[in-house]
Amino acid sequence: MPSSEPEGPLERFRRGFREYEQESGPPSFHPPDIMLGRYAVEASLGEGASATVYRATDRQLGRAVAIKVLRLSDEFGSQLRARFEREARAAAALTHPNLVVVHDVGEWGGRPYLVMELVEGAPLDRLLETRSLTRDRMLRVLEKAARGVAAAHERGIVHRDLKPSNILVGADGEPKVADFGLAQQMGSDARLTRTGSTVGTPLYMAPEQIRGGGGKATPRTDVYALGAILYEMLAGRPPFACKEEVTIFELYERILIREPVPPSRCMSDVPSDLESVCMKALEKVPELRYADAGEFADELARHLAGEPVRAARLSAPKKTYRWVRRRWRGIAGTAAVAALLLGSSAWILGRIVRDRARVRELVRRGDARAAQGRHQDARDAYRAALAVEEGCEEARAGLRQAETRLRETAAARKEAEELLDRGRPGLDEAFLYLYDAGLSYDELVRRVDRGQALIEEAVKKAPDLRMGHYLLGRAWELKGWHDRAEACWKKAIELDYDFVPARVSLARLLLVRADLAAMCGSLEEQQEALPEIQRLVREAGVHVDIAATRKRDADDEMLIELVAAMREVNNRDSAAVRARVASAVSRFAGRKGLEEFHWVEARVSEGREKLECLERALDLRPRYPMVLIERAVARLAVSDLDGALSDLDTAILVNPRIAEAYYDRALAHDARGASAAALADYSRALELKPTFSMAYNNRGVLRSRMQDLDGAIADCSEAIASNPRLASAYYNRGNARRERREWEAACADYDEALRIRSGFPEALYNRALARANLGRFDEATADVEKALAIAPSGWPTRGEAEGVLARLRMERR
Amino acid sequence: MGMLDTSLGGLGKEFPATTWGLLSQLRDQTPAARHPAYQELCRRYWKPVYCHLRVCWSKSNEDAKDLTQAFFLWLFKDGALSRYDRQRGSLRRYLKVLLRRFVGHAERALVRLKRGGDVCILSLEDLSSADSLDVGRVGPSEEVFDREWTLAVVAEAVKRVRERLTKEGRGGLMLVYEAYDLCEDARQPTYAELARRFDLTEGQVRHQLHEVRGAVREEILGELRQMTSSEQDLREEWNALFGA
């Protein structure tokens, strides 16, 4: 190196870089591509307590997006991740110009992220802080944001964490509401925040959210938050925000008990109708607020258009009024005199009257809730009444009574819980007995009853105890009373929307019903039962989707997996079913209930493979009625009538309440020519399931063959009443009517059958016979010709139909 | 893309929970969270401060050490870094301004430091080299800080690359690089000598050097990116420290 001075370390180092530059080019000063899947992350847009938002580019679509990456504590990690994903997917279904569009969700390095529309602008909290919008402009922003929220309310989605920082105002001035469906993850859930490291701001939280527990978030919860934002716009601070330091619990107490100071006391120029809208939205009792964000937006729109709002109007002079209100009890008798002295009599009296009306309404509401046994709601209503008028005796009395009832209820719950603890082992024992090779129904019922009696007593004592209804459902299910089990679980869910065991049990039951429906009848008939099957699968899907996003234990986990596999059966995705079954077999090895996975696998298998799956299930639970029925159906299909009958006899022996078992056994008896036995089984199936259209239909056919045409017509009519899309029932009734030489009526039935199922050659041929008897030879000829054209080559009636066609052609000549 | 080129934060890097890294911790409101970040800042950048004090303010070795200690303590106590805004220039320039302001009030700061009996947050490692600082050699006073700053940035980047390669079981790659680019001997070895020393071909020597240089350059860019607010600032900071 031509240098007189020795080269220093930094120079040597720099020279190394220069060499590198000659080989690889100068450094890129662009930010490096941080890729989250197909998104190139460019810059941080902001950091919150639980998430960081980045600006990014979707490389596939070439559009700018915002990505919110969540930081979740390990404590909640896995549950919340699943819940985050599902709820975010639900939010992604929302489209409205005032909602931030959710494009995608994903996970990177264990951190869930959400890809959203990028809104270039500022969050509303910043705009409020800097007072950079005029009041009308702010109101327009809020009205539009409320319209976005209303669109979500229409889809049954509640935001739960509306606050100014969640309303992004774009450069064009259009607001967009962000973070739908994320409230639970982002720290508004009281249960999480109390244990988590960060407490989200409760300043916009409705009282029912703070109470937590049974208080469920509804659209009115969002209305409260919108009211709180409106309050901040009018008063310059959110309701209950104050300068002095208060603990979070003091703040909670204020939100629960105190009435907010009317904004006009903070700012002098607050229009009275806006104040009314705001105070109505901030009512403690949800029912007194606007029903949803749409109603709230309408009120703002009315104000902006200069129209009167629907909320009661307020007007000056408020100070006097408040003074009067505070002393209402003391001066009520002389209110008119005092008011006259103060020179504002009309207004004050009007306001007092309105307040009295409000208190009366709250007390009435409290009484109504108390009468419904909703003592917590009653307590809130009385408290709200007392907040308006401290001395209201009715409210005080109501509050005392509600509190007493709540205490009594708590005591009753405790007793009920003890009863449940005592009743549950009986059910568990009965459940284990299901796996006994010598399982008998009478013994099963005896064992279940032992626990069920205690559980029923518990439910009587505490009808609002979700666990009571859930266990009662289990008892009924064990005894084979599916309809009663379903009702109990639905009740448990009604009491607690998030109650996972009831949701998964119900989902499984609905899918079992869907499977039973799918097992009945021919392919065409199954097609006709399809809407019902699809409804059951959809309903089950809703329950399991909700359950999968909630906290759950190992048993729930297994049921969720099972239900997921059952859903794949209905999607006809056999590879997915097999994969799930294989994973479950290793994951849940040795657990009771594993047999159900083998049964589910059998549903997507054929022939020998199917029988092997069923055998595996029966190895684990030798007298599992569902598997026995499934095997019987498989045996019926290959005309193994003895085998089918033996399986069905056993299935009925261990659970005499499955209508489909009797139905299948009736088919087997019928195939053997044992008409009386078949008739008895169809009748028993119908006793158990009075809407079993295929059982009516088949019994009708059987009765027709036994020359009981009236009975046949009655049965087919019942089948049609239960399932008006059952083409074969119209066809069979048509046949019975034709036997009775009622040609016109028969033709009408065939018409209906063909309207539902146009490719129905038997109906065409039989209509042709009826039409020929009416002398309508041309039409009859056309029917036979069409029947011959569409029928498969091996159609058994083909020869006969060709003979009839020849005769008809001769008649026409 | 070379093996050491980065994607999503590079090999073994954390997801950028914040693009602000160390600086965001320095700006944390709670002292408990700030303290480790300060210690890290001191570890990396005490030397430019010390050298600046020795050269520009003609402080003795002991005084410069005391003042360096006091300066970082002052930064910690005063929360001056929480007011740092990237939009207003690089951290390096900001620290220089703070240092100038601080030394103006140094006496008071030192008294306060002694009276308060504050804990020493600074472990001035590598003091032997500081003691032997050749004040005459470091050049014009304004450059001292920048030069030491550059060396500190390089040292940190090299350290991180070394750690990463070691973790990947490829620590051997650093040997050639250290023996060549970081060689402190008066005479730098040739590629042929290095090939003989490490039992490699010359091509392999060239290749390994290339790979590590690329990784170090990326690390340095990442570090500077944290201390600047835009592409333009980053380019200027790069040119100021590593330009021709």
Side-chain angles (χ1 to χ4, degrees), chain A residues 1 3-56 59 67-72 107-113 197, chain B residues 1-2 5-10 13-20 24 137-139 146-148 150-151 154-155 157-158 177 180-188 206 209-214 216-218 220-222 224-225 228-239 241-244:
Chain A
M1 215 165 308
S3 170
S4 53
E5 261 191 60
E7 193 182 36
L10 193 51
E11 285 69 35
R12 198 164 276 170
F13 178 84
R14 282 178 174 146
R15 190 163 50 76
F17 268 4
R18 279 198 297 280
E19 277 177 32
Y20 181 79
E21 229 176 275
Q22 280 162 13
E23 293 158 9
S24 299
S28 163
F29 298 106
H30 284 293
D33 285 346
I34 297 170
M35 296 299 294
L36 270 187
R38 61 195 235 203
Y39 307 100
V41 177
E42 286 152 7
S44 162
L45 293 174
E47 262 178 80
S50 49
T52 307
V53 183
Y54 298 94
R55 186 199 165 88
R59 283 282 167 86
I67 300 187
K68 183 166 227 157
V69 182
L70 257 69
R71 284 193 293 276
L72 296 176
E107 195 179 304
W108 191 90
R111 288 182 200 170
Y113 66 83
S197 56
Chain B
M1 202 183 252
D5 280 345
T6 53
S7 64
L8 195 58
K13 270 195 184 175
E14 288 289 300
F15 179 80
T18 159
T19 53
W20 219 207
S24 103
R137 194 186 159 247
V138 288
D146 293 346
R147 181 185 173 79
E148 289 302 322
T150 313
L151 283 169
V154 169
V158 170
Y177 180 77
Y180 194 77
D181 277 7
L182 304 185
C183 168
E184 293 189 4
D185 298 342
R187 185 184 154 272
Q188 197 178 24
R206 192 170 287 113
L209 265 180
H210 182 85
E211 193 168 334
V212 179
R213 280 169 177 167
V216 171
R217 190 170 84 167
E218 280 306 312
I220 291 174
L221 282 167
L224 299 186
R225 196 169 274 120
T228 50
S229 64
S230 65
E231 228 176 284
Q232 181 58 29
D233 282 354
L234 174 62
R235 190 187 304 275
E236 283 172 13
E237 187 70 354
W238 174 268
N239 288 337
L241 302 183
F242 300 101

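Computed over heavy atoms, backbone and side chain alike; hydrogens, waters and symmetry mates excluded. Naming: A, B, ... by sequence-line order, numbering from 1 per chain.
Your options are B/Val216, B/Val158, B/Val154, and the one with the most heavy-atom pairs under 4.5 Å with chain A is B/Val154. Listed options B/Leu209, B/Leu182, B/Leu221 were ranked by heavy-atom pairs under 4.5 angstrom with chain A; first place goes to B/Leu221.
Remark: B/Tyr180 pairs with B/Tyr191 by the ring-ring contact (aromatic ring centres under 6.0 Å, His included) rule, at least two apart or across chains. A/Arg55 is linked by a salt bridge (charged side-chain N to carboxylate O under 4.0 Å, His left out) to A/Glu42, A/Glu120, counting only residues two or more places apart in sequence or in another chain.
For B/Leu224, no part lies under 4.5 angstrom from a heavy atom of chain A. Proximity to chain A involves both the backbone and the side chain of B/Leu234, based on heavy atoms less than 4.5 angstrom apart.
Side chain of A/Arg12 to backbone of B/Cys183: a donor-acceptor contact under 3.5 angstrom is found.
A salt bridge links A/Glu19 with A/Arg15: the distance from a Lys NZ or Arg NE/NH1/NH2 to an Asp or Glu carboxylate oxygen falls below 4.0 Å.
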